[in-house]
2 protein chains.
Amino acid sequence: MTWNGRIMSREPQDVTEAELGLMQTLWDRGRSSTRQITDLLYPGGGQAQYATVQKLLERLEGKGFIRRDRTLFVHTFVAAVERDELIGRRIRGLADKLCGGSLVPILTHLARNPTLSESERKALRELIDEPDEPARRPPKRTRGRKG
Amino acid sequence: MTWNGRIMSREPQDVTEAELGLMQTLWDRGRSSTRQITDLLYPGGGQAQYATVQKLLERLEGKGFIRRDRTLFVHTFVAAVERDELIGRRIRGLADKLCGGSLVPILTHLARNPTLSESERKALRELIDEPDEPARRPPKRTRGRKG
DNA sequence: TTGCAATTAAGACGCCATGTCTTAGGATGC
DNA sequence: GCATCCTAAGACATGGCGTCTTAATTGCAA
């Protein structure tokens with residue numbers, strides 16, 4: 001069985017370090033071609049680096065983190081998962097692995113964090129006080145929990 | 001150079017999945033021996049599982065996440081890094097890799113999180129208000145208003 | 001059309017992290 | 001003395017990951 005923690009059980013897969021570089025590029029500059037990404041990430045890179053980017057893009061596509069447009073000869077790519085979404089996944093993963101699934105330990109850690117400047121603290125406070133939409137307060141009765 | 005992202009540059013190293021199981025045990029039950037941990041993590045395990053735990057403990061010690069007491073014949077282990085500290089490291093790593101080092105994107109994500117219950121929201125708010133300000137603040141309504 | 005450059009596509013490669021297990025050598029206790 | 005527990009050292013397979021080579025395909029200019 002070799003039950004490992006990541007070999008079996010089909011975990012959703014994550015973006016690796018090098019792949020993250022490509023994601024950043026797509027997030028920052030939007031739809032791009034392999035060439036554009038390569039020039040940006042490996043300035044002065046040759047065929048080898050180009051192929052590396054290719055492979056990374058292929059894997060990212062396979063994992064569903066980017067989408068490829070094949071209509072033109074030169075394919076273009078866009079992020080299928082936004083930066084914030086990835087942040088969310090990481091936080092959730094962190095909560096699952098270290099906090100029994102709860103976000104509270106993370107929250108408290110953040111709140112107690114001394115590196116949190118007063119302005120950040122203030123910004124956070126406002127964000128918390130302000131749920132989502134101004135027109136949405138009454139219908140909120142202990143809902144929206146997923147198992 | 002083979003600059004990879006983890007091969008070179010001596011990154012502080014992280015706790016792996018299996019190792020995390022041992023850490024949880026040490027966090028929960030405090031100082032423990034290899035035997036105790038093995039019985040807990042691999043019930044009915046034999047010599048093989050015992051050795052696995054041994055190796056994991058050895059690696060954790062090497063990485064500085066636990067401390068070993070060799071005074072007695074049977075060594076005992078304690079966590080050298082607390083759960084909260086590890087949470088902090090992960091958050092920081094997340095911020096570095098995905099947020100350019102800033103915690104704000106993480107904070108905003110959390111604040112916007114729909115799975116955050118009202119009680120959690122409230123708890124967070126209190127935690128934020130607490131640290132810096134000793135005890136000098138009218139009940140509420142600090143900031144003026146926001147659009 | 002021919003030829004060159006760029007692009008896609010497929011796969012090989014080496015390294016090492018990771019979890020697992022085997023074995024040897026000491027200490028303990030009956 | 002002998003079985004049993006422990007430590008210690010290391011072997012091992014698997015797979016992730018970043019990298020690179022090579023071949024096939026397409027576009028474009030001369």
Side-chain angles (χ1 to χ4, degrees), chain A residues 1-25 31-39 41-42 44-63 65-77 97, chain B residues 1-25 31-39 41-42 44-63 65-77 97:
Chain A
M1 242 189 262
T2 86
W3 169 188
N4 264 348
R6 65 174 53 76
I7 291 167
M8 294 200 57
S9 85
R10 211 75 352 226
E11 286 193 35
Q13 299 240 48
D14 195 16
V15 176
T16 70
E17 198 65 22
E19 287 168 359
L20 196 51
L22 306 212
M23 293 301 293
Q24 305 272 17
T25 303
R31 182 174 291 278
S32 314
S33 68
T34 309
R35 171 61 54 192
Q36 293 172 315
I37 298 173
T38 305
D39 289 348
L41 260 39
Y42 300 82
Q47 180 65 23
Q49 284 68 41
Y50 186 88
T52 296
V53 172
Q54 251 182 223
K55 178 60 69 182
L56 260 13
L57 285 169
E58 178 190 324
R59 288 175 183 165
L60 278 171
E61 187 192 9
K63 295 195 238 179
F65 287 102
I66 64 176
R67 246 189 327 261
R68 181 196 301 246
D69 183 348
R70 298 171 188 269
T71 57
L72 298 180
F73 174 55
V74 177
H75 297 183
T76 56
F77 304 83
K97 286 208 269 272
Chain B
M1 243 191 257
T2 85
W3 169 186
N4 263 348
R6 65 175 54 75
I7 290 168
M8 294 199 55
S9 85
R10 215 65 1 219
E11 286 194 35
Q13 300 241 50
D14 195 16
V15 177
T16 69
E17 197 65 21
E19 287 167 0
L20 196 52
L22 306 214
M23 293 302 293
Q24 305 272 18
T25 303
R31 182 173 291 280
S32 313
S33 67
T34 308
R35 172 61 55 194
Q36 293 172 314
I37 297 173
T38 305
D39 289 348
L41 259 39
Y42 299 82
Q47 180 65 21
Q49 285 68 41
Y50 185 89
T52 295
V53 171
Q54 251 182 220
K55 178 60 70 184
L56 260 13
L57 285 170
E58 178 190 324
R59 288 176 182 166
L60 278 171
E61 187 193 9
K63 295 195 236 176
F65 287 103
I66 65 176
R67 245 187 330 260
R68 182 196 300 246
D69 183 346
R70 299 170 187 269
T71 57
L72 296 181
F73 174 56
V74 177
H75 297 183
T76 56
F77 304 83
K97 286 208 270 272

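Chain identifiers are assigned alphabetically (A, B, ...) following the order of the sequence lines, protein sequences preceding nucleic acid strands; residue numbering begins at 1 within each chain. As the structure is a prediction and not an experimental result, all values here were calculated from the model.
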In whole angstroms, the gap separating P of D/dG18 from CG of A/Leu41 amounts to 12 Å
Under-3.5 Å N/O pairs linking protein and nucleotides 2-10 of chain C:
unit_1, atom_1, unit_2, atom_2, d
C/dT7, OP2, A/Arg35, NE, 2.8
C/dT7, OP2, A/Arg35, NH2, 2.5
C/dT8, OP1, A/His75, N, 2.7
C/dT8, OP2, A/Tyr50, OH, 2.8
C/dA9, OP1, A/Arg70, NH1, 3.3
C/dA9, OP2, A/Arg68, NH1, 3.4
C/dA9, N7, A/Gln54, NE2, 2.7

To the nearest 0.5 Å, atom CD1 of A/Ile66 lies from atom CZ of A/Arg59 at 12.5 Å
Rounded to whole Å, the CG-P distance (A/Leu56 to D/dC20) equals 12 Å
Hey, does the side chain of A/Thr16 come within less than 4.0 Å of D/dG18's phosphate (OP1/OP2), counting only N and O? yes
query = Can any side-chain N or O of A/Gln49 pair as donor or acceptor with the backbone N or O of A/Gly46 at less than 3.5 Å?
reply = yes
Here the distance between atom C1' of C/dG26 and atom CG of B/Leu72, to the nearest Å, is 16 Å
Whole-Å distance, B/Ile37 CD1 to C/dG19 C1', equals 16 Å
So CG of B/Leu22 and OG1 of B/Thr16: to nearest 0.5 Å the spacing works out to 8.5 Å
Taken in chain and number order and not counting sequence neighbours, the residues that satisfy side chain to side chain contact (heavy atoms under 4.5 Å, CB included) with B/Arg68 are B/Glu58, B/Glu61, B/Arg70, B/His75, B/Phe77
Open item on the list: Using only atom types and a distance under 3.5 Å, with no angle test, would you say the side chain of A/Glu17 pairs donor to acceptor with the backbone of B/Lys97?
Closed with: no
Before giving the answer on side chain to side chain contact (heavy atoms under 4.5 Å, CB included), spell out for B/Glu19 and B/Phe65 the whole-Å C-alpha distance, their side-chain angles and the decisive distance to 0.1 Å.
-> CA-CA 10 Å; B/Glu19 287 167 0; B/Phe65 287 103; 5.9 Å; no
Q. Has the side chain of A/Arg59 got a donor or acceptor that lies under 3.5 Å from a partner of the other kind on the base of D/dG16?
A. no
B/Asp14 atom CG is separated from C/dA17 atom P, nearest whole Å, by 13 Å
Atom CZ of B/Phe65 and atom P of C/dT18 are separated, to the nearest Å, by 11 Å
note: B/Leu57, atom CG; C/dT18, atom P; distance rounded to Å ~ 16 Å
